[in-house]
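Read through the structure below, which is laid out as structure tokens, and then see the notes.
Residue indices begin at 1 and follow the sequence shown. Everything numeric in this text was worked out from a predicted model, so none of it was measured.
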Amino acid sequence: MDMLSDLPLLRTDSYAKIFLYNTHETVACVPRHTIRMRDEVQPDKLRRAVERALLRFPHMMIGTEPTDTAFRYRANVLPPVVLPFDGIEHRYTIGTKDTNGYLFLVGYHGKTITMEYQHSISDGRGFEEFIRCVLFQYLLLCGYPVENDGTVRGMDTRFSPDESADGYRQLADQEFSPAGIWRKPAASHAWELTDQGDAPEVVTEVTFPFAQLHDYGKSIGVSPLSIVAPLLMRAFDQKFGEPDKPVIAQIPVDLRPLLTTQTTRYFICFIDLPYLPEYRALPLDEVFRRTKAFLTSQMEREQLLYRAKAASDRCVELHEADMPLADKMQASQKVTRDFVLEDSFLVTNVGRFKMPASCMPYIEDYGAVLPCAVQPFAMLVSSFGDRMKLSVAQRDHDMQVVDQLVAGLREIGIETRTNSYPFVVTQYNGLACGY
């Protein structure tokens, strides 16, 4: 048992401990968020903003270190750093001397601020709380006339230990039924693009007016996710599909709307969303309606909490198992790989990135990327201002899948803009930590 887990500032959640035992090659454990500012980034002010934000988010002041049988969190009293970050030449390892041991990274390049995190300390929604605080403090230090309208957990609010709570503990003494959960068959998969190790990826950003997608979805009674997910699945099916197998997207679901919590830690479960072989003969609007109906059937509270508890229990069991660290890493990576590769790829939605209205003139763009790791593709959906962005990471340079995704959007009247670039994943390996 990790006795430090009961100290509020060192507490993290049950489920995401599994990420401590994986690496950037085996699972997407270092997501990237990028914010393009109106003006050139000032590194000294950015570093001071991070220092201020850590006073408000003291539970982010942690590192990790290996023991004989496990990885454990430790308090980190070193000063935070900000790093030159162009995404290609400057490659770092998170949690090491590169970041002064911190499990997050803040970088700058021209007008762009980059923020990354080791997934064990947070999910995308939780980390965005920290991002907002850093950005707001940075804009204050730059002398811009910004005011907090309550959007930011700023210095005018107090840290509560509940913000680092292990939300899954609410489920510990409860039992949930798996009734109604879809029993999925084997999925189509691009096996030739699987397990590419440390090879670079390619990211394509597909940006379009959110109102166009919203209006189209409303006209046929479906949600935006019920449109963008099957469009990517259809594109994948056209290139990699197998005659009798569905394409299955793994989709994380935020549990905060179900359970009252302030936590900024990792607090999600996963559902499986299929593009079935019979969908190939259907018009798109019918595919979207069936996708919406399926999502509704799999988003019942009981089902989601069953999935969450089962996964967190398994991760805690592995974390607390009495076995040599090398064996535990091997076992954890096998559990994660087997889970991830049951599906074709992952689609995640971090929602709308919000800042106070007074800050908006100084922020031009926002986006996030989930690396592929062992999977061939991963799509992250985000929105900022009046635009939505689909960031598609992939393991090869053949753009057929993303081109078909864009064609599908245009087929339903969505005007898109695309931008592709090489993506070099920030490294993580717990055995290199402990600085």
Donor-acceptor pair, distance only, cut-off 3.5 Å: does the side chain of R47 make one with the backbone of P79?
no
Does NZ or CZ of R48 come closer than 6.0 Å to the centre of the six-membered ring of Y138, within 45° of the ring's axis?
no
In this structure, are over 12 heavy atoms from other groups packed under 6.0 Å from K218 atom NZ?
no
Kindly determine whether Y73 and I121 satisfy side-chain contact (heavy atoms from CB on, under 4.5 Å), including the steps that lead there.
CA-CA 10 Å; Y73 295 93; I121 64 172; 4.2 Å; yes
Full working for side-chain contact (heavy atoms from CB on, under 4.5 Å) between L213 and F208
CA-CA 8 Å; L213 183 66; F208 50 86; 3.9 Å; yes
Between E25 and T23, is the side-chain hydrogen bond (donor to acceptor under 3.5 Å, both in side chains) condition met? List the steps.
CA-CA 5 Å; E25 296 183 27; T23 75; 5.2 Å; no
Does K328 reach the main-chain N or O of T69 with its side chain, forming a donor-acceptor pair under 3.5 Å?
yes
Of all heavy-atom pairs linking P66 and C433, the shortest is CD-O, 4.0 Å
Does either side chain, that of Y21 or that of H319, offer a donor lying less than 3.5 Å from an acceptor on the other one?
yes
Could you walk me through whether R125 and D123 pass salt bridge (charged side-chain N to carboxylate O under 4.0 Å, His left out), step by step?
CA-CA 6 Å; R125 296 270 172 88; D123 56 25; over 6 Å; no
Between G217 and I227, which heavy-atom pair has the shortest distance, and what is it?
CA-CD1, 3.8 Å
What one should report as the nearest heavy-atom pair of L20 and Y428 is O-OH, 3.1 Å
Could you walk me through whether F136 and T151 pass the side-chain contact (heavy atoms from CB on, under 4.5 Å) test, one step at a time?
CA-CA 10 Å; F136 186 76; T151 305; over 6 Å; no
Does any part of the side chain of D272, heavy atoms only, come nearer than 4.5 Å to the side chain of D343, both counted from C-beta?
yes
Tell me if the CG atom of D68 is crowded by more than 12 foreign heavy atoms within 6.0 Å.
no
Could D365 and R36 be called an ion pair, given the rule that one side-chain N must be under 4.0 Å from one carboxylate O?
yes
Consider only side-chain N and O atoms of T207 and E205, and report whether a donor and an acceptor are under 3.5 Å apart.
no
Is the closest side-chain donor-acceptor distance between H24 and D198 under 3.5 Å?
yes
If you count every heavy atom of other residues, nucleotides or ligands that lies below 6.0 Å from D156 atom CG, does the total exceed 12?
yes
Just checking, any donor-acceptor pair under 3.5 angstrom between side chains of T426 and E116?
yes
Start with the C-alpha distance between I181 and Q298, add both sets of side-chain angles, then the distance that settles side-chain contact (heavy atoms from CB on, under 4.5 Å), and finish with yes or no.
CA-CA 6 Å; I181 293 178; Q298 299 298 298; 4.2 Å; yes
Give the ring-plane orientation class for F104 versus F127, where under 30° counts as parallel, over 60° as perpendicular and anything between as tilted.
tilted
Side chains of H189 and T194: closer than 4.5 Å at any heavy-atom pair?
yes
Give the minimum heavy-atom separation between I131 and M115, together with the two atoms involved.
CG1-SD, 3.8 Å
Under 3.5 Å, is there a donor-acceptor pair between the N22 and T336 side chains?
yes
When rounded to the nearest 0.5 angstrom, what distance separates CD in E364 from OG1 in T112?
9.0 Å
Side-chain donor-acceptor pair present, S226, S223, cut-off under 3.5 Å:
yes
Going by heavy atoms in the side chains, are T114 and H109 under 4.5 Å from each other?
no
Within a 6.0 Å radius of atom CD on E51, are there more than 12 heavy atoms belonging to other residues, nucleotides or ligands?
yes
Look only at the side chain of R256 and the backbone of T263, and say whether a donor-acceptor pair between them is shorter than 3.5 Å.
yes
Looking only at heavy atoms, which two atoms of P246 and S344 are closest? And how far apart?
O-OG, 4.4 Å
Please check: side-chain N/O of S332 versus main-chain N/O of M329, any donor-acceptor pairing under 3.5 Å?
no
Quick one: do the Q394 and D396 side chains pair a donor with an acceptor below 3.5 Å?
yes
Side chains of L259 and L171: does their closest heavy-atom pair fall under 4.5 Å?
yes
Please determine, by modelled atom types, if E128 and Y366 share a side-chain donor-acceptor pair under 3.5 angstrom.
yes
Would you indicate whether E147, at its atom CD, is surrounded by more than 12 heavy atoms from other residues, nucleotides or ligands within a distance under 6.0 Å?
no
Aromatic centroids of Y266 and F19 separated by under 6.0 Å:
yes
Taking NZ, NE, NH1 and NH2 as the nitrogens, is one of them in E342 or K184 under 4.0 Å from a carboxylate oxygen of the other?
yes
State, with a plain yes or no, whether a side-chain heavy atom of T34 is found less than 4.5 Å away from one of I113.
no
Going by distance alone, is a donor N or O of one side chain under 3.5 Å from an acceptor N or O of the other, for R56 and T157?
yes
Are more than 12 heavy atoms, taken from residues, nucleotides or ligands other than E175, located less than 6.0 Å from that residue's CD atom?
no
Just wondering, do L325 and F71 contact through their side chains at under 4.5 Å, heavy atoms?
yes
Of V369, I88, T204, which is the lone residue that meets side-chain contact (heavy atoms from CB on, under 4.5 Å) with F423?
V369
Say whether, by atom type as modelled, one donor and one acceptor occur between the side chain of Q174 and the main chain of Q170 under 3.5 angstrom.
yes
Measure from the side-chain N and O atoms of Q196 to the backbone N and O of E192, and report whether any donor-acceptor pair falls under 3.5 Å.
yes
Tell me if the CZ atom of F353 is crowded by more than 12 foreign heavy atoms within 6.0 Å.
yes
Centroid separation under 6.0 Å, is that true for the rings of F294 and W182?
yes
Using a strict threshold of under 4.0 Å (side-chain N to carboxylate O), is an ion pair present between R337 and D195?
yes
Would a distance-only check, ignoring hydrogens and angles, find a side-chain to backbone donor-acceptor pair under 3.5 Å from D162 to Q262?
no
Quick one, L390 and L409 - any side-chain contact, counting heavy atoms below 4.5 Å?
yes
Could you tell me whether R234 and D237 have a side-chain N and a carboxylate O separated by less than 4.0 Å?
no
Describe, in one word, how the ring planes of F210 and H214 are oriented to each other, choosing from parallel (under 30°), tilted (30 to 60°) and perpendicular (over 60°).
tilted
State whether the side chain of R52 and the backbone N or O of M155 hold a donor-acceptor pair below 3.5 Å, judged by distance alone.
no
Working to the nearest 0.5 Å, report the span between OG1 of T64 and CZ of R72.
9.5 Å
Do the ring centers of F270 and F339 come within less than 6.0 Å of each other?
yes
Checking E65 side chain against R74 main chain: does a donor-acceptor pair fall under 3.5 Å?
no
Determine whether F176 and L304 make a side-chain contact, defined as any pair of heavy atoms from C-beta on separated by less than 4.5 Å.
no
Verify, without hydrogens or angle tests, whether N76 (side chain) and G63 (backbone) share a donor-acceptor contact under 3.5 angstrom.
no
So if I apply the side chain to side chain donor-acceptor pair (under 3.5 Å) rule between T264 and each of E129, H59, E163, which one comes out positive?
H59
When every non-hydrogen atom of M379 is compared with those of L405, the smallest separation belongs to SD-CD2, 4.3 Å
